Undergrad: 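For reference, the structure I am asking about is given below.
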Number of protein chains: 2
Amino acid sequence: MKEVAELAGVSRSAVSRTFTDGASVSARTREKVEKAAKALGYRPSLIARSLATNRTKLIGLVANNFQNPAFLDVFDLFTSELQKRGFRPLLVNLSGDTSPKKFVELLKQYSVDGVIVATSTLPTSFANAFQTAGIPVIHTFGKFQANANVHVVGIDNEFCGSMAAQTFAERGYKSVALLGGPETATSTQDRAAGFVKTSEQLGLRVVKTCFAENYTYQAGREAMHEVMDGEDVEAVFCGDDLICMGAMDAARAAGKAIPEDIGFLGFNDIAMAGWDAYALTTIRQPIRDIIMSSVELVVGMVENPARSPEIRLFPCSVIDRGSLRPITGN
Amino acid sequence: MKEVAELAGVSRSAVSRTFTDGASVSARTREKVEKAAKALGYRPSLIARSLATNRTKLIGLVANNFQNPAFLDVFDLFTSELQKRGFRPLLVNLSGDTSPKKFVELLKQYSVDGVIVATSTLPTSFANAFQTAGIPVIHTFGKFQANANVHVVGIDNEFCGSMAAQTFAERGYKSVALLGGPETATSTQDRAAGFVKTSEQLGLRVVKTCFAENYTYQAGREAMHEVMDGEDVEAVFCGDDLICMGAMDAARAAGKAIPEDIGFLGFNDIAMAGWDAYALTTIRQPIRDIIMSSVELVVGMVENPARSPEIRLFPCSVIDRGSLRPITGN
DNA sequence: AGGAAAATTGCAACCGGTTGCAAAAAAATT
DNA sequence: AATTTTTTTGCAACCGGTTGCAATTTTCCT
């Protein structure tokens with residue numbers, strides 16, 4: 001930097017200012033500095049800038065579900081959106097270890113400007129910990145609460161559960177089952193609640209309620225055995241497409257035809273749901289919107305940390321493929 | 001830091017030294033400092049440290065294939081392995097824009113300690129650009145060359161192509177086709193070369209050679225129409241599982257049974273290859289080994305940048321499921 | 001042209017650590 | 001006990017930028 005300043009015949013401040021937007025520099029000075037900078041191949045060091053400004057342009061993404069294809073979209077969008085805005089993503093892989101303390105410390109040491117906690121399988125206290133530590137945080141896919149003290153971007157899981165019941169009712173199903181994701185996830189609980197409640201209202205019998213151990217094909221497959229073990233069910237609402245596909249294969253392996261003998265309704269609408277071999281009817285969660293909104297929000301918070309906690313919910317919709325029978329005329 | 005020093009009754013150097021391992025501090029001083037630090041909730045700022053040491057403990061991961069499930073493993077392992085070693089991952093999403101200049105600048109500004117370029121769809125010059133810029137770089141999934149001047153970790157694509165031909169020959173296939181990934185990818189070219197060469201040697205006829213536009217189900221599906229358009233083929237070697245699954249569904253839609261009417265051999269062994277609906281026989285690329293090795297190598301380079309370029313290749317193996325007919329006695 | 005207002009510039013302090021060097025203290029040796 | 005060797009410690013400079021403030025220059029008015 002000093003060299004650039006000398007070559008351009010100006011002070012270091014001038015150099016700094018040409019590379020800081022919004023700073024006051026005359027056109028002539030800027031030109032001189034830019035020429036000198038180019039000649040010397042100079043770029044300001046973001047590290048040094050961070051130290052001085054106390055801003056790093058780094059946003060942490062905390063996730064614990066690295067094996068679900070749904071997260072491909074998350075990673076893709078998160079990185080490209082941040083990039084577009086001049087920020088950078090710092091990934092934190094939470095698999096296994098979920099004590100907030102350690103990670104709060106970590107992200108604090110790296111002085112990230114903000115954090116997106118993208119998970120529905122962790123207690124809300126996890127995201128809150130960042131808040132308490134003074135780090136702007138968005139809880140994406142999180143549980144929203146009226147007395148929120150943290151930004152939440154996601155969907156109304158309870159309503160989605162209702163939607164599933166509604167979908168079943170429209171197609172004339174009478175006895176149905178729930179095959180949720182991990183039971184401890186708030187999203188699972190909320191969806192289950194909505195599903196059961198609305199099923200009752202619509203006169204559906206929820207014959208069975210099971211939960212897969214995690215969001216995997218294998219877990220879905222195994223849990224499906226439990227569903228099939230007992231009274232017959234006409235349709236199953238799954239907590240995740242991956243789980244659903246495992247369940248479908250378990251059903252097929254048991255000789256059942258889809259949707260003739262048993263129907264399936266998934267959740268998320270991952271790419272594979274559209275594949276011929278599954279043609280899964282599923283509730284689509286607008287992941288793109290959710291991530292874009294989260295990024296926008298976290299960047300907004302960096303600029304104005306005092307912004308009061310906001311809840312942003314996006315609508316889900318049923319994507320009709322072939323794993324449920326068609327809507328009955330009634 | 002100053003406060004901690006005062007509270008502990010020592011100099012700032014002493015504080016710095018207690019938090020730098022390998023530094024010379026007496027047990028008494030360390031204790032005093034640690035007590036004071038705890039009382040004040042102090043942690044050294046990594047930013048400031050980076051500025052002083054010129055080391056950031058940040059490793060860049062440059063990728064351009066965020067939609068392939070194979071990359072879930074990459075992200076998972078990359079982040080968790082780095083984490084384990086006290087480094088942090090900085091993701092760079094290359095989708096679309098592939099001019100090296102910009103990204104070299106970017107990573108230089110962030111002063112990453114090293115970069116892993118994980119892609120086979122970019123020219124080797126891309127990875128080299130980092131090298132020239134003085135940034136330690138590993139080209140993962142890259143093309144290896146005898147006169148390498150950059151570290152490469154991956155597989156022997158040409159040999160894998162041969163392996164595919166071998167696999168077809170063992171099962172008595174006579175006329176086969178190649179349905180590769182994007183034609184410009186070095187991995188595609190190498191696999192094609194190996195496949196064609198060994199096919200000839202073994203007396204197989206390569207009836208058709210096509211390339212999918214990108215690594216997606218849809219592209220595979222479309223490209224398969226081209227393969228089926230013309231002389232009959234008994235088996236298809238696909239450049240990627242995703243492409244292969246699309247191709248399989250196109251074949252099924254055309255009324256062909258797998259493996260009775262047509263056989264498929266995939267590449268990568270992604271999770272979905274094991275799903276009942278596809279039961280794909282595929283060549284497994286040991287992604288875990290490749291990533292772990294890349295991480296180890298890049299961290300090694302940070303410690304000793306002069307390390308001379310190394311090529312690390314891992315063996316692939318055929319995972320036999322149900323999309324090819326069984327090995328003939330012969 | 002002269003003066004006021006606005007824009008630009010440089011100075012110097014600061015962000016929060018690290019580290020070479022020399023002095024001081026502790027340990028080892030004779 | 002005196003001397004030498006080793007270990008610990010603090011000083012002060014440095015990493016590479018930013019920024020409040022006052023001085024200077026430019027622009028605008030009358």
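Chain identifiers are assigned alphabetically (A, B, ...) following the order of the sequence lines, protein sequences preceding nucleic acid strands; residue numbering begins at 1 within each chain. All values derive from a computational prediction rather than experimental measurement.
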Undergrad: Output the residues of residues 30-57 of chain B in contact with DNA chain D, where contact means a heavy atom of the residue under 4.0 Å from an atom of the strand; sort by number or write none.
TA: B:L51, B:A52
Undergrad: Just so I know, are the side chains of B:T119 and B:V62 near enough to count as touching, which here means a heavy-atom distance under 4.5 Å?
TA: no
Undergrad: Distances under 3.5 Å between protein N/O atoms and the N/O atoms of nucleotides 22-29 of chain C, please, pair by pair.
TA:
none

Undergrad: Measure the distance from CE on A:M1 to C1' on C:dC14 and round it to the nearest whole Å.
TA: 14 Å
Undergrad: Angle class for the A:Y42/A:F19 ring planes (parallel below 30°, perpendicular above 60°, tilted otherwise)?
TA: perpendicular
Undergrad: Check whether the side chain of A:R12 and the base of D:dG17 form a donor-acceptor pair under 3.5 Å.
TA: yes
Undergrad: For a 4.5 angstrom cut-off between non-hydrogen side-chain atoms, does B:F87 reach B:V295?
TA: no
Undergrad: What residues from residues 17-27 of chain B pass a heavy-atom cutoff of under 4.0 Å to DNA chain C?
TA: B:R17, B:T20
Undergrad: Within the side chain of B:S293, is there an N or O that forms a donor-acceptor pair under 3.5 Å with the backbone of B:I290?
TA: no
Undergrad: Rounded to whole Å, please give me the gap between CD in A:E3 and P in D:dG17.
TA: 11 Å
Undergrad: Remember a base hit wins even if backbone is also touched, and classify A:V10 as base, sugar-phosphate or nothing at under 4.0 Å, heavy atoms.
TA: sugar-phosphate
Undergrad: Can you find a donor-acceptor pair, distance only, under 3.5 Å between B:S11 side chain and D:dC11 base?
TA: no
Undergrad: How about B:V152 and B:Q145: do any of their side-chain heavy atoms sit closer than 4.5 Å?
TA: no
Undergrad: Please give, in whole Å, the distance from C:dG16 P to B:K2 NZ?
TA: 9 Å
Undergrad: Is there a donor-acceptor pair closer than 3.5 Å between any side-chain N or O of B:S50 and the backbone N or O of B:R55?
TA: yes
Undergrad: Is it true that a side-chain atom of B:D113 and a backbone atom of B:T56 form a donor plus acceptor pair closer than 3.5 Å?
TA: yes
Undergrad: Out of B:D190, B:T186, B:T124, which residue meets the side-chain hydrogen bond (donor to acceptor under 3.5 Å, both in side chains) rule with B:K143?
TA: B:D190
Undergrad: Using distance alone, with no hydrogens and no angle criterion, decide if A:T121 and A:N64 have a side-chain donor and acceptor under 3.5 Å apart.
TA: yes
Undergrad: Between B:F75 and A:F71, is the gap from one ring center to the other below 6.0 Å?
TA: no
Undergrad: Would you please test A:S95 and A:Q67 for side-chain contact (heavy atoms from CB on, under 4.5 Å) and show each step?
TA: CA-CA 10 Å; A:S95 307; A:Q67 290 302 329; over 6 Å; no
